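Structure first, then comments.
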Amino acid sequence: MTAIPATLGPRTPAEARMQQLRITVSKLRRNGSAMLGLILLVIIFGAAIFAPWLSTHDIYAQDLTNRLARPSAANWLGTDELGRDIYSRLLHGGRITLYIACLTAVISAPIGLVVGMVSGWFGGWVDVVLMRVTEIFLAFPSLILALAFVAALGPSIENAIIAISLATWPPIARLARAETMMVRRSDYIAAVRLQGASAWRIMVGHIAPMCVPSVIARVTLNMASIILSAAGLGFLGLGAQPPSPEWGAMLSSARQFILSNGHVAAAPGIAILITSIAFNLVGDGLRDVLDPRHD
Amino acid sequence: MTVALATPGRRRKRGRAPSKALAVLSRAGSVLVTLLGLAALTFMIGRLLPLDPVLAVLGDNATPEAYDRMVVQMGLDQPLIVQFGNYLWDLARLDFGNSLLSGRPVGEEIARVFPATLELATVAMILGTGIGVPLGVVAAVYRNRWIDHLARILSLVGYSAPNFWLGLMGLVLFYATLGWVGGPGRIDFIYEFDLQPVTGFFLIDALLSGNLALFGNVFSHIILPASILALSSLAYISRMTRSFMIEQLEQEYVVTARAKGLGLWRIVWLHVFRNIAVQVITVVALSYAFLLEGAVLTETVFAWPGFGRYMTNALLSGDMNSVVGCTLLIGVIFVALNLICDLLYRILDPRTR
C-alpha cells in the first residue's frame with residue numbers, strides 16, 4: 001500500500017472539519033445578501049447584549065408628563081403611552097425576542113433531529129408511526145397550534161417558547177429523515193456496521209453529522225418565522241406580558257394610540273421586520289452553501 | 001462474527017405498482033389516521049388546560065354537590081379512553097360542545113363567523129395569485145434584471161414582515177392620514193341595515209342588492225386587510241412560480257420554439273406556463289390554507305368579525321371548547337386542501353396518470 005502524500009488531504013478528522021469549515025465560510029463570504037444578513041444579525045445581537053449600556057433611560061420609568069412624545073434629542077425614538085423611552089425599551093425587547101428565538105431553536109432542533117434520524121434509520125413501523133405523528137403536527141399551521149397550546153398552558157414567555165417549539169420541530173424531523181435515508185445505504189455506514197457499532201452509536205457519530213448542516217440552515221430560516229410567531233403571541237397578549245418590552249407586546253399596547261400616534265408602533269415593527277429579514281437572508285445563504293441538493 | 005449487512009428497516013419491495021383502487025384506499029386510510037390524530041391532539045390540548053372545566057361552567061361559587069354532579073354530567077369521572085371515545089362520537093356528529101362564553105353551540109358560532117374570514121382570505125388569494133403568478137413568470141424570464149430583484153425584495157419583505165404590524169401601519173397611512181380606505185370592521189355603521197345577508201360574503205350580497213354605494217363601502221373596508229394578508233402569499237407564490245419557470249425555461253423545447261421563430265411571450269404563456277400550471281395551482285391551494293392562519297392576526301387588527309377574532313377572544317377568556325373547535329377546523333381544512341392538491345395533481349397532470 002502506498003502512502004497518500006500528506007499534501008493531498010487532511011490528516012485527521014479535525015483537520016478535515018476545519019478545512020470544510022473554511023470552504024463553507026469562503027463560499028458564504030461571496031454571497032452578498034447572506035453577508036448583509038450576517039452584519040445585521042451581529043448588530044442586532046450586539047444591541048441586545050449591550051442593551052444595559054446602550055440604553056439611555058430606565059425601561060420601566062414612567063413619565064406621565066411626557067406621554068407619546070415625538071422623537072427628540074432626549075428620547076431618540078419618542079416615548080410610549082406611559083412616557084417610557086421607546087429606544088431603550090426596544091433594545092431590551094431585542095433580548096427577549098432573541099432569547100425566545102434561540103431557546104426555541106435549541107429545543108426544537110434536537111427533537112426534530114432525533115425523531116427524523118430514528119425514523120429514517122429504523123424504517124418500517126417505527127418510520128410509519130413517527131411520520132404519522134409528524135404529519136399530524138404539520139396538519140396545523142404553526143401559529144394556530146402555538147395559540148392552542150398557549151391557551152391550554154397559560155400566557156407567559158416560557159409557555160410561548162414551549163408552544164412554538166411544539167409547532168416547529170416537524171419540518172426539521174422530515175428533513176433529518178430524508179438525509180438519514182440518503183446516507184444509511186452508503187458504504188461507510190456499512191463499514192461502521194461491520195465493525196459492530198450499535199445503532200445509537202452510528203446515528204450519533206456518523207449520521208447526525210451529515211444531517212446537521214441542512215438542519216442548521218433550516219433552523220436559521222425558521223428563526224424568522226419563530227420571531228414572527230412570538231411577536232404575534234405577544235401582540236395577542238398570549239406571550240410576554242406587559243410591562244415587558246417584548247416587541248409584540250409593545251405593539252399591542254401601542255395599538256390603542258396608533259391612529260393619532262403612529263410613531264409608537266413604527267419602531268417595534270421595524271425591529272421585528274429587520275430581525276426577521278436578517279435571519280431569512282442568512283438562512284437562504286446557508287442553505288445554498290450547506291445543502292448543495294437544494295436548487 | 002456474523003454481521004447482517006442488509007440495511008436496517010428495509011421495506012418489502014413491491015413487484016408491481018399498486019393498483020389504482022389500492023392507492024385511493026391507502027390515501028383514504030392515511031387521511032383518516034391523520035384526522036384521528038388531529039382529534040387526539042386537540043383532545044389532549046383540551047385536557048392540558050390548567051383551568052378547571054367544571055368551574056369554568058359553574059363559576060367559582062359552585063357547591064361541592066353541584067360540582068360533583070357536573071363532573072358526572074360532563075363525563076369527567078370516566079377513564080380518559082372513554083372520554084376520548086365520547087369526544088370522537090361528538091365530533092362525528094359535528095358537536096363541538098357549547099361555548100363557555102355565550103352558552104351556544106361552538107359549531108353554530110363558527111358557522112356564523114366563518115364567512116367573514118372566507119371572504120377576506122378569498123380576496124387575499126385573488127390578489128396574491130393575480131399579482132404573484134405574473135410577477136414570478138416575469139422575474140424568471142428577466143432573471144437577474146431589475147424586475148427580478150424587485151420581486152426578490154418584495155417577497156423577502158412578504159416573508160419577513162409581521163402582518164399585524166403592516167395592518168396597523170396601513171390603518172395609520174391609508175385610513176387615518178390619507179382617508180383612502182374604510183376603517184376597521186366589514187362595513188360602515190350607516191350601511192349596516194341596507195345589507196341583506198344572503199351568502200354571508202358582503203361583497204356578493206352588496207352586488208346582489210344592486211346598491212353601488214353599499215358595494216363601494218364594503219370594498220373600501222376589505223381592500224386593505226386583504227392586500228396586507230395577500231402579501232405573504234404573494235411572496236410564496238411568486239418565488240415558487242419563478243423557480244418552476246426557470247426550470248422549464250432551461251428545457252430544450254424552449255430553444256426549439258425560439259428557433260422556429262415563435263415570440264417570447266407566446267412561448268412563455270402558451271408553452272412554458274402550461275407545463276407548470278399544475279404546480280402553481282397546488283402552491284396557490286396551499287397558500288390559501290396559510291391565509292386562514294394569517295387571518296387570525298389580521299382580523300384582530302382590523303376588528304374583522306371573523307373566525308380569527310372569534311378564536312382570539314376565546315383564547316383570551318379561556319373558552320376551551322371554542323379554541324379546540326377552531327383548531328380542529330383549521331386542521332381539517334389543511335388536510336382537505338392537501339388532499340385536494342394531491343387529487344388535482346393526479347387529474348390535471350398527464351405524467352402522473
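Every value quoted in this text rests on a predicted model; they were computed, and no experiment measured them. Throughout, a chain's letter reflects where its sequence line sits, starting with A, and its residues are numbered from 1.
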Atom [atom1] of [X] and atom [atom2] of [Y]: how far apart are they, to the nearest 0.5 Å?
X: A/I144; Y: B/L328; atom1: CD1; atom2: CG; answer: 12.0 Å
X: B/T312; Y: A/L147; atom1: OG1; atom2: CG; answer: 7.0 Å
X: B/W165; Y: A/I272; atom1: CH2; atom2: CD1; answer: 8.5 Å
X: B/S155; Y: A/N280; atom1: OG; atom2: CG; answer: 9.5 Å
X: B/I330; Y: A/L145; atom1: CD1; atom2: CG; answer: 11.5 Å
X: A/F149; Y: B/L41; atom1: CZ; atom2: CG; answer: 5.0 Å

Which bit of [X] is near chain A, if near means a heavy-atom gap under 4.5 Å: side chain, backbone, both or neither?
X: B/T300; result: both
X: B/F164; result: side chain
X: B/V332; result: neither
X: B/T177; result: neither
X: B/L168; result: both

Taking all non-hydrogen atoms of both residues, which atom of [X] and which atom of [Y] are closest, and how far apart?
X: B/T327; Y: A/A148; answer: OG1-CB, 3.7 Å
X: A/E135; Y: B/T34; answer: OE1-OG1, 4.1 Å
X: B/L316; Y: A/L236; answer: CD2-O, 3.4 Å
X: A/A151; Y: B/V323; answer: CB-CG1, 4.3 Å

Counting only non-hydrogen atoms closer than 4.5 Å, does [X] touch chain B with its backbone (N, CA, C, O), its side chain (CB onward), both, or neither?
X: A/L238; result: side chain
X: A/S33; result: neither
X: A/A254; result: neither
X: A/I270; result: both
X: A/A224; result: neither

Counting only heavy atoms not in B/Y175 (residues, nucleotides, ligands), do more than 12 fall under 6.0 Å from its OH? no
Counting only heavy atoms from other residues, nucleotides and ligands, does the tally under 6.0 Å from CZ of A/R132 exceed 12?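 Above 12, so yes.
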Option in A/D284, A/V133, A/I277 with maximal non-hydrogen atom pairs under 4.5 Å from chain B: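 Highest number of heavy-atom pairs under 4.5 Å: A/I277.
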Residue among B/V33, B/L292, B/V335, B/L38 with most heavy-atom pairs under 4.5 Å to chain A: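 Answer, by heavy-atom pair count under 4.5 Å with chain A: B/L38.
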I'd like to know whether B/L315 forms a side-chain contact (heavy atoms from CB on, under 4.5 Å) with A/V150, so could you lay out the CA-CA distance, the side-chain angles of the two residues, the decisive distance to 0.1 Å, and finally the verdict. CA-CA 8 Å; B/L315 281 165; A/V150 167; over 6 Å; no
Residue-level interface, residues 162-171 of chain A with chain B, non-hydrogen cut-off under 4.5 Å: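 Counting heavy atoms that sit under 4.5 Å from chain B, no residue of residues 162-171 of chain A is involved.
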